[in-house]
Amino acid sequence: MLETKQLAFSYDSVRKLQFPDINCARGDQWLILGQSGSGKTTLLHLLGGLLSPQSGSIKINDKDISILRGAALDHFRGQNIGIIFQTAHFVRALTVEENLLLAQQLAGNKPDKILIHNFLEKLNLKDKAHKRTDELSVGEAQRVNVVRALINKPSVILADEPTSALDDHNAEEVIQLLESQAKAVNATLLIVTHDGRLKNYFQKQLVIG
Amino acid sequence: MTIIKLAWKNLTNRPLSMLLTLVLFALGVGLTALLLLLNKQLTDKFEKNLAGVDIVVGAKGSPLQLILANMYHIDAPTGNISLKSAKPFLNPRHPLIKKSVPLSLGDSYKSHRIVGTLHDFLGLYNTEIAEGTLWQAPLEVTIGATVAERTGLKIGTKFNSNHGLDEGAGEHEEAAFKVVGILKPTGTVVDQLILTATQSIWTVHEHAQAELEGEEHHAEHASTTPSPKESMTVSQNDVDDRTALLQADSTHQITSLLLQFKMRNVQTLNFQRNLNENTDMQAATPALEINRLYEMMGVGEQALRALALLIIIVSGLSIFIALFNSLKERQYELALMRVMGAGRGRLFLLIVCEGILLSLIGFCIGIILSHGSMQILAKYMSDAYRYSFSGLMWLKEEWLLLLGAVTIGFLAAIIPAISVYRQDISRTLSK
């Protein structure tokens, strides 16, 4: 359901990034490993439709996103892809709950407070619903970040170094959360990282660079 | 969550940085609106009170002063003219004059002027009686609506006038005026006046004169006082008050004459020139003098308008800077909104919304400020200008001001909005 062919990208004429073909089935969980500068983040941005590839194709749910542009791409991304970044960022003016409501709305879904509260409860974040996001601890923020990526039940979840800013305890919590929740919504999970702690959790691994 | 709600939350999340912007914007809008209100009401006042009067005839002096004193009752009179020289114009058979109304000024009550005149005066301002009657005998008065409201004078109340047009001058103690009627409100200067027969003013003043001059001049005094017989004819037989005035002793004085011509032509121009050149009186044209006054005030008003415009432009600039700065802090979250499915157009709209929302809030504060201060000013101004002012009115120019405010908010937001539209989200997110 996620398939890339001869994906290539370059920021300038000197260095060209060439990525190995990826082929994931629905519900697969993959770890993509690579050193800094190996193009991990670039690959994630390509898969998430934040960048357009120079050549090659990316198919998600049989849709070639490399030819999507503008609002159509933004809309497809909102509906089908959940992305988790290294550090959690939120719309600062809004509370935790409002940020999650916004995520639902921007993806074109109906705001569903019950769903949000179920998620928050499962993650022991229920009492944070009406807190401003800058009052959260780093670990809490990353957990809310995971909730936000999952809230629209995407078919693909992309995570860019989701644990590298966290201590062992929080890292374990977040990675278990990702694993279990991706499974719960039957989403394909791709984690891009150089964090060695994660190697034990996932069998399917791809090294690039 | 609508875009407007999100824009609102984004603004209220940074209250301090928005405060300066809002204060500036409100100041610019408020000053402009206040100028519009003042200008509109002053112009209205001057125009409403022109009352179709073609020329004012009075003692020599500044023509503007003559107009202000006798048409608007603001300035002091230029002096008096003798009834003898005024009588020809009072004659209903005068070939050029359609209507002539004499005015005698000099007394006041609680800063409302007492005007000695004829019943025809009311016709100039289309005024009608609300309760009671018009004055029939000397010392009977009919008061304007505002006078009744402010002073609490009622029909049947007696009062002593103050000598002079300002409060605090000596009181005439013996001759008490009596209220016999109250006029309907007109929105003109009449509302602020106490109207009476011309003879009343003579009675009061000659009484005072007599006290000053003492017994030795009693003989002289008697000769200038209207005989009781003359006064009585006005009250008892209800003779036309104009006829009574024409029959009165010519040594009396009045302050001015308001004239309406049958038509304006060369003859009336000659009439006016002749009067100015060959008599000790002058004739002034209200419309002309008021235009002169506008021109004099206009410079100051234009300077204030320019200042208000400048403040609005600066505040537009400050909206631009406030938005632009906030975008630097928010570029990551804006990129995130794209990741979550928001199109470029939606973010563009969000920023434009924030700009317009800011200008709208500033506009509302400015309008509240200007109308509030106009309402406060109105109290002082109606005393000074003998005309009711109000802050509780909406001018159609203010819709234009609203349109201008929204346009400025939009223009200030457009560059930040474009920069958001063009944002490279991949680059922002990998920083």
Side-chain angles (χ1 to χ4, degrees), chain A residues 9 11 39-52 69-95 97-109 111 132-134 145 148-149 151-152 154 158 160-161 192, chain B residues 1-19 322-323 325-355 357-358 361 416-418 420-431:
Chain A
F9 185 85
Y11 288 99
K40 299 190 303 288
T41 297
T42 306
L43 177 61
L44 188 118
H45 282 192
L46 287 169
L47 294 177
L50 305 180
L51 283 175
S52 291
R69 288 287 178 276
L73 179 60
D74 290 324
H75 185 70
F76 183 86
R77 185 192 309 121
Q79 285 266 306
N80 298 285
I81 307 171
I83 306 181
I84 297 157
F85 295 96
Q86 184 172 359
T87 40
H89 283 274
F90 302 95
V91 178
R92 250 168 294 183
L94 304 180
T95 63
E97 187 191 48
E98 288 168 334
N99 263 286
L100 295 173
L101 282 169
L102 182 69
Q104 291 182 322
Q105 241 180 320
L106 291 179
N109 294 332
R132 288 166 53 98
T133 54
D134 51 14
N145 203 2
R148 185 172 59 189
I151 200 80
N152 292 313
L158 305 172
D160 186 7
E161 304 275 12
V192 160
Chain B
M1 190 167 318
T2 59
I3 285 191
I4 293 173
K5 200 172 161 197
L6 184 57
W8 170 255
K9 294 220 170 198
N10 279 331
L11 292 181
T12 50
N13 193 41
R14 292 163 281 136
L16 275 179
S17 68
M18 293 302 137
L19 192 66
L323 281 179
N325 274 342
S326 86
L327 292 190
K328 266 189 201 147
E329 292 168 28
R330 287 159 59 201
Q331 53 173 330
Y332 206 101
E333 70 178 57
L334 288 166
L336 264 174
M337 285 176 67
R338 289 278 305 282
V339 170
M340 291 190 283
R344 293 166 187 274
R346 197 149 172 172
L347 293 189
F348 181 87
L349 269 182
L350 175 69
I351 305 304
V352 166
C353 245
E354 288 183 19
L357 210 55
L358 254 180
I361 299 168
I418 287 174
V420 167
Y421 187 87
R422 288 197 181 152
Q423 188 181 19
D424 179 343
I425 53 173
S426 170
R427 182 167 299 171
T428 306
L429 289 170
S430 49
K431 263 179 200 167

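Everything quoted here is computed from the prediction, not taken from an experiment. Residue numbers start from 1 in every chain, and the chains themselves are labelled A, B, ... in the order their sequence lines are given, proteins ahead of strands.
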Q: Rounded to the nearest 0.5 Å, what separates atom CG in A:L102 from atom NZ in B:K5?
A: 11.0 Å
Q: Measure the CD-CG distance between B:E333 and A:L94 for me, rounded to the nearest 0.5 Å.
A: 8.0 Å
Q: If I compare all heavy atoms of B:K9 with all of A:A93, which pair ends up nearest, and what's the gap?
A: O-CB, 3.4 Å
Q: Crowded around B:Y421 OH? As in, over 12 foreign heavy atoms under 6.0 Å?
A: no
Q: Chain B: which of A:I81, A:N152, A:L51 shares the most heavy-atom pairs with it under 4.5 Å?
A: A:L51
Q: Kindly compute the distance separating CE (B:M340) from CD1 (A:I83), expressed to the nearest 0.5 Å.
A: 10.5 Å
Q: Counting heavy atoms not belonging to B:I4, are there more than 12 under 6.0 Å from its CD1?
A: no
Q: Could you tell me which of B:R344, B:R14, B:M337 has the largest number of non-hydrogen atom pairs under 4.5 Å with chain A?
A: B:M337
Q: Sort out for me which of B:V339, B:I425, B:L11 touches chain A most, counting heavy-atom pairs under 4.5 Å.
A: B:V339
Q: Between A:D74 and B:R346, is the side chain to side chain contact (heavy atoms under 4.5 Å, CB included) condition met? List the steps.
A: CA-CA 11 Å; A:D74 290 324; B:R346 197 149 172 172; over 6 Å; no
Q: Let me know if A:F90 has heavy atoms under 4.5 Å from chain B in its side chain, its backbone, both or neither.
A: backbone
Q: Could you have a look at A:R92, A:Q86, A:H75, A:R132 and say which one has the most heavy-atom pairs with chain B under 4.5 angstrom?
A: A:R92
Q: Between CG of A:D160 and CG of B:L429, what distance do you get to the nearest 0.5 Å?
A: 9.5 Å
Q: First locate atom OG1 of B:T428, then atom NE2 of A:H89, and finally report the distance between them rounded to the nearest 0.5 Å.
A: 11.0 Å
